[in-house]
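It should be emphasised that the depicted structure is a prediction, and the values quoted were computed from it without experimental measurement. Sequence lines set the chain letters: A, B, ... in the order given, protein chains first and strands last, and positions in each chain run from 1.
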Number of protein chains: 4
Amino acid sequence: MSDAADVAAESLKAFVDQIEKLEVEKQTIADAIKDVYAEAKANGFDVKILRRVIAIRKQDKSEREEMDALLELYMQALGMGYGRVEE
Amino acid sequence: MSDAADVAAESLKAFVDQIEKLEVEKQTIADAIKDVYAEAKANGFDVKILRRVIAIRKQDKSEREEMDALLELYMQALGMGYGRVEE
Amino acid sequence: MSDAADVAAESLKAFVDQIEKLEVEKQTIADAIKDVYAEAKANGFDVKILRRVIAIRKQDKSEREEMDALLELYMQALGMGYGRVEE
Amino acid sequence: MSDAADVAAESLKAFVDQIEKLEVEKQTIADAIKDVYAEAKANGFDVKILRRVIAIRKQDKSEREEMDALLELYMQALGMGYGRVEE
DNA sequence: CACTGGAAAATGCCGC
DNA sequence: GCGGCATTTTCCAGTG
């Protein structure tokens, strides 16, 4: 069983490495975001409010996407693609 | 006051854009991580266990960092900077 | 619906009282901890270092618990309960 | 210096033990609080709202205490104790 | 679809 | 009084 176990161990290690590498990247971005908020604060903006603005815009976008998806669904139900009348 | 307000608005917009761009990048990484977990699962690994392994390795690292911080504090308490005896 | 509402109100009040009582106890303990730190400081100990020491010991414990959790997961993954082979 | 160091080490250990013991107690209470919230939830109450209720009551209490302190201050400024006209 | 567990955000606290 | 740090609370994804 040693060969199969070795292969599994190799494979496991590869997954762990990949994930940890990505986690580092993610953390780097998260730190960058924190820096931007700090800079905004240094420029007199209220961080809490700024976060709310971002959150609302995100939600709006998500709602818009939902709308688009729904619209697309209707279109398909009517036998039409999106943005074109017919083929 | 229109000029000042304009400047502030410009500045705000810049901060929002920067953050939203970074958020997108972060989400992309997060999705990539999810994919890796999914792939590992497809290769027969137990995701829950895999997560624990990652968590423990993370804790190890965090503990090493705590140790370093403690050492640094000791150094400061002893009136020494980092890597030099005195000035 | 008045009876049901009354019961609910009674019940709610009981929960709130319980929580608030526990919160008071918790705060009392928190204050006691602060006092100990203050006393340690008065005895010449560096509070920041002391906190780090406590934090590291806490992490040690937490890591041991993570290890146990991992072991438990392995056991489950191998189709075994905790401390018995099978039923 | 061994004696002094020993005494310091003993003293340090005592403080650490005291704090850790108190931390355990604190955690026990915190767990109890969580349990109460869980029980409330099981009884159909919305935990998030319940938390808000507790928070508001806490704030009210703190405001009332501030009022009392202010009143006491006025009383003292007028040469009067609290709840009595004079001695 | 509710529940658990893990990430993000908000709050409070401490020292400078 | 403010900025960093620790705690607490909220949010979200995965799971059964």
Exercise. Compare all side-chain heavy atoms of A:Lys58 with those of A:Lys61 and state whether any distance is below 4.5 angstrom.
Key: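 No, side chains not in contact.
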
Quiz item: Considering only heavy atoms from C-beta outward, does the side chain of A:Val24 approach that of A:Lys21 to under 4.5 Å?
Solution: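 No, every pair of side-chain atoms sits at 4.5 Å or beyond.
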
Self-check item: Joint cluster assignment, A:Ile33 & A:Val47, ILVMFWY side-chain distance < 4.5 Å
Solution: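 Yes, A:Ile33 connects to A:Val47 through the hydrophobic network.
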
Practice problem: Give a yes or no on whether B:Leu71 and C:Ile56 share a hydrophobic cluster (residues Ile, Leu, Val, Met, Phe, Trp, Tyr; joining criterion: side-chain heavy atoms under 4.5 Å apart). | Solution: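 No, no single cluster joins them.
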
Quiz item: Rounded to the nearest 0.5 Å, how far does CG of B:Leu78 lie from CG of B:Leu73?
Solution: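 Reported to 0.5 Å precision, the distance equals 10.5 Å.
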
Non-hydrogen atoms of [X] and [Y] that approach each other most closely:
X	Y	value
A:Leu22	B:Ile29	O-CG2, 3.3 Å
D:Ser11	C:Phe45	OG-CE1, 3.4 Å
A:Leu50	A:Ala40	CD2-CB, 3.6 Å

Quiz prompt | Of C:Lys41 and D:Lys41, the one whose closest DNA chain E nucleotide lies more 5' | solution =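 Mapping each residue to its closest nucleotide by heavy atoms, the 5'-most match is D:Lys41.
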
Quiz prompt | Distance, rounded to the nearest Å, where C:Ile33 contributes CD1 and F:dA6 contributes C1' | solution =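 Rounded to the whole Å, the gap is 13 Å.
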
Exercise. May I have the distance from C:Lys34 (atom NZ) to F:dT7 (atom C1'), rounded to whole angstrom?
Key: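 For the pair C:Lys34 NZ and F:dT7 C1', the rounded distance is 14 Å.
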
Practice problem: Quantify the bending of the helix from E:dC1-F:dG16 to E:dC16-F:dG1 as the angle between its end axes, each fitted on five pairs, to 10°. | Solution: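 The end axes of the helix from E:dC1-F:dG16 to E:dC16-F:dG1 are about 10° apart, to the nearest 10°.
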
Quiz item: Residues from residues 13-28 of chain C sitting under 4.0 Å of DNA chain F, heavy atoms only?
Solution: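 Only C:Lys26 qualify.
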
Practice problem: Output, in order, the C-alpha distance, side-chain angles, deciding distance and verdict of side-chain contact (heavy atoms from CB on, under 4.5 Å) for D:Gln76 and D:Met80. | Solution: CA-CA 5 Å; D:Gln76 283 174 6; D:Met80 308 168 181; over 6 Å; no

Quiz item: Does a salt bridge link A:Asp17 with A:Lys13, judged by any charged N lying under 4.0 Å from a carboxylate O?
Solution: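 Yes, charged N to carboxylate O under 4.0 Å.
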
Self-check item: Sorted by number, the residues of residues 42-66 of chain A with heavy-atom contact under 4.0 Å to DNA chain E
Solution: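 Residues of residues 42-66 of chain A that come under 4.0 Å of DNA chain E are, in numerical order, A:Lys48, A:Arg51.
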
Quiz item: Could you give all pairs that pass the side-chain hydrogen bond (donor to acceptor under 3.5 Å, both in side chains) test and reach residues 41-52 of chain C, with sequence neighbours left out?
Solution: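 As it turns out, the side-chain hydrogen bond (donor to acceptor under 3.5 Å, both in side chains) pairs with a partner in residues 41-52 of chain C, which skip direct neighbours, are B:Glu66-C:Arg52.
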
Quiz prompt | Sequence neighbours excluded - side-chain hydrogen bond (donor to acceptor under 3.5 Å, both in side chains) pairs with any residue from residues 28-37 of chain D | solution =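 Residue pairs passing side-chain hydrogen bond (donor to acceptor under 3.5 Å, both in side chains), neighbours aside: D:Gln27-D:Asp31.
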
Quiz item: Crowded around D:Glu10 CD? As in, over 12 foreign heavy atoms under 6.0 Å?
Solution: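 Counting neighbours around CD of D:Glu10, 12 or fewer heavy atoms of other residues, nucleotides or ligands fall under 6.0 Å, so no.
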
Exercise. Please list, in 5' to 3' order, the outermost nucleotides of DNA chain E lying under 4.0 Å from any heavy atom of chain A.
Key: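 Contacts span E:dA8 to E:dT11, reading 5' to 3'.
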
